[in-house]
Amino acid sequence: MSFIVAIDGPAGTGKGTITKLIAKDFGLINIDTGATYRLEMINQNVSINEKDKIIKISETIKIDIKNNEGIQTIFLNGEDVTDKIRSKEVTALVSQVSAIVEVRLNMVKLQRKLAEGKDVIMEGRDITTYVLPNADVKIYLDADVKERARRRYKENLEKGINMTYEEVLEKIKIRDHNDSNKEIGSLKIAEDAIVIDTTYLTIEQVKEKVADIINKAKGGQQC
């Protein structure tokens, strides 16, 4: 038996941070294939414009994620890349590969395979509706667009990224529009998802709400 938590929502709602915190507290495997995929593009020196090569990677890439006593290890083609996927080179690579239909379909197959028989948590824009529609827990994190822009602006300042608040706000609005109008895997709220508005909540408060939902789904028992 497996237990699956799926979290969706637009940029700036805290999905990534909450997923990492919940994964640690509940001993769930945090499935994030995006960073690993970008690392393989770097390994093979493939640019964002080389569509055929990008598709080939999505067909041949092998990712495995193991969780040992709360410590998560990520393997790429048999190599431990847990630290490498957090490098500046990987995080700086803004990947648009999900817009390629063939890549998206191949990665969904991989994500579903990684989730088989495991206690996992996954976040994105279409996890509850498309990737893992049978998840035990479905959560949609939302927040006012201006608050989301403020959060992202603050993150950029901390990372030394020079961008005005107005520029960040405009980029988020554009991303919201694009994510909601994807041909495959568009951002929308699943009918059975629990919506949490994080606009006026701290990360700790959001984590508590998500934890309560998971505990209720498990009958009060943690993973």
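The neighbour count for Asn162 CG, taken as heavy atoms of other residues, nucleotides or ligands under 6.0 Å away, does not exceed 12. The number of heavy atoms from other shown groups lying within 6.0 Å of CD (Glu158) is above 12. More than 12 heavy atoms of other residues, nucleotides or ligands lie within 6.0 Å of NZ in Lys118, so this atom counts as buried by the packing criterion. Annotation for Ile71: atom CD1 does not count as buried by contact number, only 12 or fewer foreign heavy atoms lying within 6.0 Å.
Of the inter-residue distances, the one linking Ile57 atom CD1 with Asp52 atom CG reads 11.5 Å to the nearest 0.5 angstrom. Put simply, OH on Tyr165 and NZ on Lys146 are 6.5 Å apart, with the number rounded to the nearest 0.5 Å. Here Ile54 contributes atom CD1 and Gln44 contributes atom CD; the two are 11.0 Å apart, rounded to the nearest 0.5 Å. Interatomic distance, Leu114 CG to Ile63 CD1, rounded to the nearest 0.5 Å: 6.5 Å. Within the model, atoms CG of Asp192 and OG1 of Thr129 stand 10.0 Å from one another, a figure rounded to the nearest 0.5 Å.
Under a 3.5 Å cut-off, the side chain of Asn67 and the backbone N or O of Gly27 do form a donor-acceptor pair. Remark: side-chain polar atoms of Thr60 are paired, donor with acceptor, to backbone N or O of Lys56 under 3.5 angstrom. A donor-acceptor pair under 3.5 Å is absent between the side-chain atoms of Thr198 and the main chain of Leu201, judged by distance alone. The closest donor-acceptor contact from the side chain of Glu50 to the backbone of Ser47 lies under 3.5 Å. Asp142 places no side-chain N or O within 3.5 Å of a backbone atom of Asp197 that could act as its donor or acceptor partner.
The only member of Thr128, Ile7, Leu187 that meets side-chain contact (heavy atoms from CB on, under 4.5 Å) when paired with Tyr140 is Leu187.
For the pair Glu167 and Thr164, the minimum side-chain heavy-atom distance is below 4.5 Å.
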### Task
Output, in order, the C-alpha distance, side-chain angles, deciding distance and verdict of salt bridge (charged side-chain N to carboxylate O under 4.0 Å, His left out) for Arg151 and Glu147.
CA-CA 6 Å; Arg151 295 172 184 173; Glu147 171 59 18; 3.0 Å; yes
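One finds no salt bridge joining Lys182 and Asp126 here, because no Lys/Arg side-chain nitrogen approaches an Asp/Glu carboxylate oxygen to under 4.0 Å. Between Arg125 and Asp8, none of the side-chain N atoms (NZ, or NE/NH1/NH2) sits under 4.0 Å from a carboxylate O, so this pair counts as no salt bridge. In summary, Lys173 and Glu170 do not engage in a salt bridge, as defined by a charged side-chain N under 4.0 Å from a carboxylate O. Ion pairing of Lys188 with Asp179 is absent here, as no side-chain N (NZ or NE/NH1/NH2) approaches a carboxylate O to less than 4.0 Å.
A single hydrophobic cluster is not seen to contain both Ile214 and Val195; linkage of ILVMFWY side chains at heavy-atom distances under 4.5 Å, directly or through other members, places them apart.
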